[in-house]
Amino acid sequence: MSRFLKDRYAALEAYTPGEQPRDMDYIKLNTNESPYPPAPAVVAAMSGEQVENLRLYSDPTAKGLKEKLAALYGLKESNIFLSNGSDDILNFAFMAYGQNGAIFPDITYGFYPVFGDLHGVEYEEITLKEDFTINYEEYFGKNKLIVIANPNAPTGISLPLSAIEGILKSNPDGVVVIDEAYVDFGGVSCYQLIERYENLLVCRTFSKSRCLAGGRLGYAFGSPALIADLEKIKYSTNPYNINRLTLLLGEATVEAERYYQEKCAAIIETRTQTAKALEGLGFEVLPSDANFLFARHPKVGGEALYLALKEKGILVRHFRKERIKEFNRITIGTPEQMQKMIEIIKEIIQ
Ligand SMILES: *Cc1c(COP(=O)(O)O)cnc(C)c1O
C-alpha cells in the first residue's frame, strides 16, 4: 500500500474470490461456474469480424439486449439495468442506497460487507436461524438497504415469496435488493413484484445459469426510478461498462433460453443424485435450490476435507467463518465429475 491511498480505503479488507490455481488440471467445483459450455448459437455468434469491430465503442444503452430481456420477462426496457457482472450492480446499490445503513444475513455472499466498508455504509448482520434459514421477520420495519441472496449463498436455502413480500411491505423507505444469482436452479423469482413495490431491486447474472461467468454480464429489474438511479451512476463512472462481444453473446444467450433451461434441469438432477450420495456417506447436506451443495461430515473436518480433495485434484470452497467452518460448498459439475468426487471422498473418509 502506498502513502497516497485515501485513509478511508487503507483499512479496507477486499473480497477474496475463489482460488484459480494453475499448477494442475483440477475438477473445479469452487466458484459455481457451469460445467456446460454456452449454447452452440452463442459460440457461433463470435467471429473474427466481431473482434475487428472492437475498434468501435459498445452501445452504452445496450438497447438490443434490453429489448430481448424485456420480451423474455414481459417487462419494459425502463425496468432493466445491465452491468459488467452483477457484482457491479451490488456495488452501485450500496453506493446509491446505503445512506441509512444496510442489513443482511451474517452468513451470505461475502461481497456485501466489502461493499458496505467500501462506501462507508454501516451495516447490521442478522444471524441465521439454527437450521441456516433466514430469520426474515427480523428484517421487518428496518427501512434500511436490505440485501438478501435468494437462494442464499453458501447455504443454497431459499426464502418463500411471501417472506420477501413481507420485507418489501414493511420497509417502504428502504431499498430491498434480492440477489437472484442462483434462482434458476429451483428458487422462485420475485421479479414480478417490481410492478407493485417501487423499492424492489432484483439482481441477476449470466455467470451461473447462463454459462457466461467469463463474459461478465449482470442485470437488474426494478421500477423505472430505481433503474434511472443506477444509470446515473453508470454514466458517472463507466458508460461503456459492457464490452461489444459480451453484449453480442448476451443477446444470443437470451435467444437460446431453451438450451439453458435444459442445462439447469440437468444440474438440478445431478444435485439430487449428489446430495443422496453424500448423505449415504454420512454427510449432512443443507436443502439446496442452487447449483451447489453445502455439506459437512460428522467425522471429517471442513478444512481437512477441502485440503484432501485439493490434493486429489478437486477444488471445493471452504470458509473459515466459525459457524460454517466444518462445511464445504461444492459446485454441481457434470454427473461424471460428481461420481469421481464421491469416489475420492469415500477414500478420504476411510
Ligand atoms: C456469483 C454471485 C454473484 C456475482 O456474479 P457476477 O459474476 O458478478 O455476475 C452475485 N451474487 C451472488 C450471491 C453470487 O454467488
Side-chain angles (χ1 to χ4, degrees), residues 14-20 28-35 38 62 65 69 80-95 102 104-116 118 125 128 132 134 145-159 164 176-187 189-191 201-221 230 234 238 241-243 246-247 249-250 253-254 260 264 267 271 286 288-294 316-317 319 321 324 328-332:
Y15 175 73
T16 316
E19 59 189 328
Q20 313 274 0
K28 231 180 138 289
L29 309 175
N30 69 329
T31 49
N32 298 339
E33 291 142 324
S34 176
L65 181 52
L69 280 171
I80 304 173
F81 180 72
L82 288 162
S83 71
N84 189 325
S86 63
D87 287 337
D88 243 14
I89 305 171
L90 297 165
N91 180 32
F92 285 9
F94 275 87
M95 195 189 290
F104 43 82
D106 64 334
I107 295 169
T108 189
Y109 188 35
F111 230 138
Y112 305 154
V114 178
F115 288 135
L118 178 66
E125 296 171 282
L128 292 186
F132 295 98
I134 289 171
L145 170 64
I146 293 175
V147 186
I148 289 182
N150 192 38
N152 196 15
T155 63
I157 299 174
S158 291
L159 262 188
I164 289 171
V176 178
V177 175
I178 303 297
D179 181 349
E180 294 191 340
Y182 299 105
V183 77
D184 297 314
F185 301 103
S189 177
C190 67
Y191 83 88
L201 189 71
V202 182
C203 268
R204 295 178 155 209
T205 177
F206 282 65
S207 293
K208 316 289 172 27
S209 64
R210 265 51 188 174
C211 316
L212 214 60
R216 311 305 302 129
L217 187 57
Y219 57 113
F221 295 147
L230 299 177
K234 170 185 131 162
N238 183 4
N241 63 339
I242 308 170
N243 76 72
T246 292
L247 282 176
L249 300 185
T253 298
V254 176
Y260 294 100
C264 288
I267 286 168
R271 179 181 73 208
L286 299 190
S288 172
D289 281 323
N291 67 338
F292 55 81
L293 291 170
F294 203 48
V316 297
R317 188 91 197 253
F319 300 92
K321 212 170 193 162
I324 53 170
N328 277 289
R329 192 193 68 192
I330 304 165
T331 305
I332 301 301

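For ligands, and for the atoms within them, numbers begin at 1 and follow the listed sequence. Please read these numbers as outputs of a predicted model, since none were measured by experiment.
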* Asked: Quick one: which of D179, L217, L212 has a heavy atom closest to atom 13 (C) of ligand 1?
  ->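 Looking at heavy atoms only, the winner is D179.
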
* Asked: When you look for heavy atoms under 4.0 Å from ligand 1, do you find them on the side chain of Y182, its backbone, both, or neither?
  ->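 It is the side chain that touches ligand 1; the backbone stays farther off.
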
* To do: Could you see which bit of S86 sits under 4.0 Å from ligand 1, with heavy atoms only: side chain, backbone, both or neither?
  =>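 Near ligand 1, S86 shows its backbone as well as its side chain.
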
* Okay, side chain of D179, backbone of A181: is any donor-acceptor separation there less than 3.5 Å? ->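 The answer is yes, because a donor-acceptor pair under 3.5 Å joins these two groups.
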
Does a donor on one side chain and an acceptor on the other come within less than 3.5 Å for [X] and [Y]?
{"X": "T205", "Y": "K208", "result": "no"}
{"X": "S189", "Y": "R204", "result": "yes"}
{"X": "Y182", "Y": "N32", "result": "yes"}
{"X": "D289", "Y": "S158", "result": "yes"}

Which atoms of ligand 1 sit under 4.0 Å from any heavy atom of [X]?
{"X": "G85", "result": "8 (O), 9 (O)"}
{"X": "S207", "result": "6 (P), 7 (O), 9 (O)"}
{"X": "R216", "result": "6 (P), 7 (O), 8 (O)"}

* Can you pull out the closest protein heavy atom to atom 2 (C) of ligand 1? Residue, atom name and distance to 0.1 Å, please. =>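 The protein heavy atom lying closest is K208 NZ, 2.5 Å.
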
* is_close_aromatic(F221, F81), centroid dist under 6.0 Å ->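 Ring centres of F81 and F221 not closer than 6.0 Å.
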
